Amino acid sequence: MADTKREIERKYEATDATRLPDLSRVAGVARVEKRGVTELDAVYYDTADLRLASHSLTLRRRTGGADAGWHLKFPVATGIRDELHEPLADTLPPSFAALLRSRLRHTEPAPVVRLLSSRDVQHLNDDDGTLLAEVSVDTVLAERLAGEGAGTTATWTEIEVELADDGDPAFLDAVEKRLRKAGVRPSESPSKLARALSETTPVRDGKSRTEEAPQTAGDHVLTYVRKQIRTIVDLDPAVRRDLPDSVHKMRVATRRLRSAFKTYRRILDREVTDPVAAELKWLAGELGVDRDQEVLDQRLGDRTEALPGTLVLGPVRGRLTAWSAARRTGSRRRITDVLDGKRYLALLDTLDALAADPPLRPAASRAPAKELPRAVLKDYEKLARRMDHALEHPPGPERDAAMHEARKAAKRARYAGDAAGPALGKPAKRFAKRVKAVQTVLGDHQDSVVARDGLRTLAIEAHAAGETTFTWGLLYGHEEATADARERELPEVWARASDPVLRADLKH
């Protein structure tokens, strides 16, 4: 796996007349150490349609400096990126190719921009000699290598302030205050590549095209659908890197898409979307192999840690760890194989085609206030039927199953409200919030059902090994109490979500 570094930096405009102020006067800085000038030569790669740049991704091969090699940067937040590094080679490293597969698909990246930078570096150190930040003045020559503006060059000078590893981001505020006082202003470009592309792209006559705000019911649904598609693509590298919650978020995006296809079937033709939904269900199932066990591990681990030590009898933690490891063996490899497989890449291509040429039905042209409430309330009615069915059963396996089905309906109704929110405003958002509360209660109840099944299995294995089952039984009892509490809580939470006024507001 490539080396990863969290890069936190800020960029500033510089001119020929710009001079760095005395940064030793910044609070916390004891010494400014001049590190000399380094010559950097970086070639940036992308597709012909700049697919990586449109996702704020940076792929480059750089020589010169201490970190020569291939660099791949993923945006985290404004001024924060994760930078991955692989050694210098003539071809794209396989690890980077995998992380970019959801964007590149069947396309090979090619050189689009070359940047020659003369970097004058200073280190800001504290009184112990510890590095606080690196400040550089970069004189840049950019050359467009392909696409519009090929052969065009641009030059500029900029100042970069990069926080040291494990540094306090507040220190950058102190540096910026000093720079602003000297007349230095933040750069309008988020990166050198963005500036190079901007300054080497020919200016066309007339105003640039801006994306129009959604007008029709179809516009709003498509905006939501395209957002989920982009989320799946964006999360692909995070899942491959095993970043926290990435698998869960990708599964949610697949579920939201499937729900949108069902909820808004008067807008999107189900003859087209049903086969896509089936593939999304397959993908969610593959991702769930790892995620479901992760949730169960966290729940049982937390329950065990909350017990007093005197009540943890026998090798409980060791057995829990071994049981989890056995159930998760190969799951990460399996997910990677799925994401590298032809079926998944074909699904991404299909989603792109659907977003570009959506199968709209006549209702798509109707006003959002007329069409969207109808769809949301239809999902609510399905939820209401399932809730009535669940609440009429006494506690037991039948109620557990009915509550699980109600949970699925609550998710769909909530997603319907979320999708309609931008068009219908506060009424849809209030509806989604109330239904989410129902989903949360039902979800905790279902997690308890699954946890009890796992605890029973663990108790059987412990008994067969001659171990005491006291702690497993105790944890089982805790889960039973949790389920009972959620069942008592549910009628009140459902009453708030089923308020007639809430539904009436959606229609107006």
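Positions are given from 1 along the sequence. Small disclaimer: the values here were computed from a predicted structure and weren't measured.
When the shell of 6.0 Å around CZ of R185 is examined, it contains more than 12 heavy atoms from other residues, nucleotides or ligands. Taking a 6.0 Å sphere around CG of D302, one finds it holds more than 12 heavy atoms contributed by other residues, nucleotides or ligands.
Nearest heavy atom pair, residue P186 against residue E176, reads CG-OE2, 4.3 Å.
A salt bridge does not link D127 to R31: none of the charged nitrogens lies less than 4.0 Å from a carboxylate oxygen. Salt bridge R119/E39: absent, no basic N to carboxylate O contact under 4.0 Å. Ion pairing between a basic and an acidic side chain is recognised when a charged N comes within 4.0 Å of a carboxylate O; R178 and D22 show no such pairing. Salt bridge absent: K5 and D82 never bring a charged side-chain N and a carboxylate O closer than 4.0 Å. Look at R180 and D173 and you find no salt bridge, because none of the NZ, NE, NH1 or NH2 atoms lies under 4.0 Å from a carboxylate O. Ion pairing between a basic and an acidic side chain is recognised when a charged N comes within 4.0 Å of a carboxylate O; K192 and E158 show such pairing. The residues R343 and E286 are annotated as not salt-bridged, no charged nitrogen and carboxylate oxygen being separated by less than 4.0 angstrom. Between K411 and D418 there is no salt bridge, since none of the side-chain N atoms of the basic residue sits less than 4.0 Å from a carboxylate O of the acidic one. A salt bridge does not link E160 to R10: none of the charged nitrogens lies less than 4.0 Å from a carboxylate oxygen. By the 4.0 Å N-to-carboxylate-O rule, R62 lies close enough to D67 to be salt-bridged with it.
When T231, D236, I335 are each tested for a side chain to side chain contact (heavy atoms under 4.5 Å, CB included) with M250, only one passes: D236. Checking each of R60, R61, R114, H71 against Y44 for a side chain to side chain donor-acceptor pair (under 3.5 Å) leaves exactly one that passes, namely R60.
A 4.5 Å side-chain heavy-atom check between W70 and L84 finds every atom pair outside the cut-off. At a threshold of 4.5 Å between non-hydrogen side-chain atoms, the residues V43 and V113 do not count as touching. Contact annotation: the side chain of E86 approaches that of S95 to within less than 4.5 Å [non-hydrogen atoms, C-beta and beyond]. Using a 4.5 Å heavy-atom threshold, the side chains of V239 and S246 count as touching.
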Is there a salt bridge (Lys or Arg N to Asp or Glu O under 4.0 Å) between E162 and K11 once you walk through the steps?
CA-CA 9 Å; E162 182 175 345; K11 296 179 179 292; over 6 Å; no

